[in-house]
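Below: one structure, written as structure tokens.
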Amino acid sequence: YRLIFLAIFSLNYSKALLLNEPAFRSKPNTFRIAEGGSTRLPCFVDNQGDHTVVWRKGHQVLAAGSHLLLKDDRFNVGPDNTLQLTNIQPQDAGDFVCQISLSAGETLEIAHTVEVLVPPRVRPKPADGNIVVKKGTEVTLECSASGNPVPTITWSRENDLLPEGHLSGPNRHGYTIHKVDRFDAGRYSCTANNKVGAPAKAHIALQVLYEPEIDVEAEKVHSGVG
């Protein structure tokens, strides 16, 4: 599909140059930018003449020529109609369209897609990270993670092995232990990672309530008189 689109784009570009009409030299592209980063969206036009280049995102017009209509100092129109974006936030994701209106009422446009890569964030459920259960019951430890791409969660237990259980959820956000034993108590960690920035970690403290237990060290004790 993309090859067909580029072929049509190149054909229209060649026809426009022969007719001395405006034509986009820039091609549609996808920009994957980390949150807080910056990028430049190109919109190079041949035979632009007196035609005004308009930038829009959805139905919102961002700029007309070098005049910025959006009151946001993170956006700026540079030389050659380039749209500059700084301190990019998740809400900036979407299609940015560069458009030219022709005298015949027709419009030419190209669209760049901006994807914002967001480092992982994770928090425990419940928010205080404390879970108290009775011995022999079933418990599910859960963490809520966000980020773009969707992070994957890995589970561990501090200073001990992870007890036998099973993972649940599309990104393994839940860890279920059947018939909890008192030896399963401890501080668990869920780590979210999507390879954007550093991994994020949250902690859950599991406390297991159980009835008194007595272990006899020796059933018989031998001693002398006195």
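Computed over heavy atoms, backbone and side chain alike; hydrogens, waters and symmetry mates excluded.
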Please say yes or no: joined through hydrophobic side-chain contacts below 4.5 Å, possibly via intermediate residues, are [X] and [Y] part of one cluster?
X	Y	answer
Ile33	Val97	no
Val116	Val150	no
Ile100	Val61	no
Val45	Leu108	yes
Val114	Leu70	yes

Any [X] side-chain heavy atom under 4.5 Å of [Y] side chain:
X	Y	answer
Arg172	Thr152	yes
Glu109	Arg56	yes
Ile88	Thr39	yes
Thr82	Leu41	no
Leu83	Val77	yes
Asp160	Phe183	no

Nearest 0.5 angstrom please: [X] [atom1] to [Y] [atom2], how far?
X	Y	atom1	atom2	answer
Leu161	Asp184	CG	CG	11.5 Å
Arg25	Asn47	CZ	CG	10.0 Å
Asn87	Phe75	CG	CZ	10.0 Å
Lys134	Thr137	NZ	OG1	9.0 Å
Lys179	Lys135	NZ	NZ	11.5 Å
Cys190	Lys201	SG	NZ	9.5 Å

Any pair counted as ring-ring contact (aromatic ring centres under 6.0 Å, His included), so long as it reaches [range], sequence neighbours left out:
range	result
residues 117-140	none
residues 30-58	Phe31-His112
residues 118-152	none

If we count only N and O atoms by modelled type, under 3.5 Å, do the side chains of Ser38 and Thr86 hold a donor and an acceptor together?
no
Going by side-chain heavy atoms closer than 4.5 Å, which hydrophobic residues are tied to Tyr175, directly or by a chain of links?
Ile131, Val133, Val139, Leu141, Ile153, Trp155, Leu162, Leu167, Ile177, Val180, Tyr188, Ile204, Leu206, Val208
For Ser189, what residues pass the side chain to side chain donor-acceptor pair (under 3.5 Å) criterion, not counting sequence neighbours?
His203
Give a yes or no on whether the backbone of Gly78 and the side-chain of Arg40 come within a donor-acceptor separation of less than 3.5 Å.
no
Backbone N or O of Lys195 within a donor-acceptor pair of the Asn193 side chain at under 3.5 Å?
yes
Assess the residue pair Arg157 and Arg187 against the criterion (side-chain contact (heavy atoms from CB on, under 4.5 Å)); give the C-alpha distance rounded to whole Å, side-chain angles, the decisive distance to 0.1 Å, and a yes or no.
CA-CA 6 Å; Arg157 181 165 58 151; Arg187 194 165 186 251; over 6 Å; no
Are Gln48 and Asn81 close enough, and set up right, to give a side-chain contact (heavy atoms from CB on, under 4.5 Å), and what steps lead you there?
CA-CA 11 Å; Gln48 181 175 339; Asn81 309 307; 3.1 Å; yes
Atom pairs and distances, donor-acceptor, side-chain atoms in residues 117-130, under 3.5 Å, two or more places apart:
unit_1 : atom_1 : unit_2 : atom_2 : d
Arg121 : NH2    : Glu35  : OE1    : 3.3
Asp128 : OD1    : Asn130 : N      : 3.1

Can you name the closest pair of heavy atoms from [X] and [Y] and give their distance?
X	Y	value
Asn171	Ala145	ND2-CB, 4.2 Å
Ser101	Thr107	OG-CG2, 3.9 Å
Thr52	Gly65	CG2-N, 3.5 Å
Pro28	Ala111	CB-O, 3.3 Å

Walk me through it: do Glu164 and His178 pass the test side-chain contact (heavy atoms from CB on, under 4.5 Å)?
CA-CA 8 Å; Glu164 184 178 351; His178 300 286; over 6 Å; no
Report the C-alpha separation of Asp215 and Glu213 in whole Å, then their side-chain angles, then the decisive distance to 0.1 Å, and conclude whether the side-chain contact (heavy atoms from CB on, under 4.5 Å) test is met.
CA-CA 7 Å; Asp215 291 327; Glu213 296 180 3; 5.5 Å; no
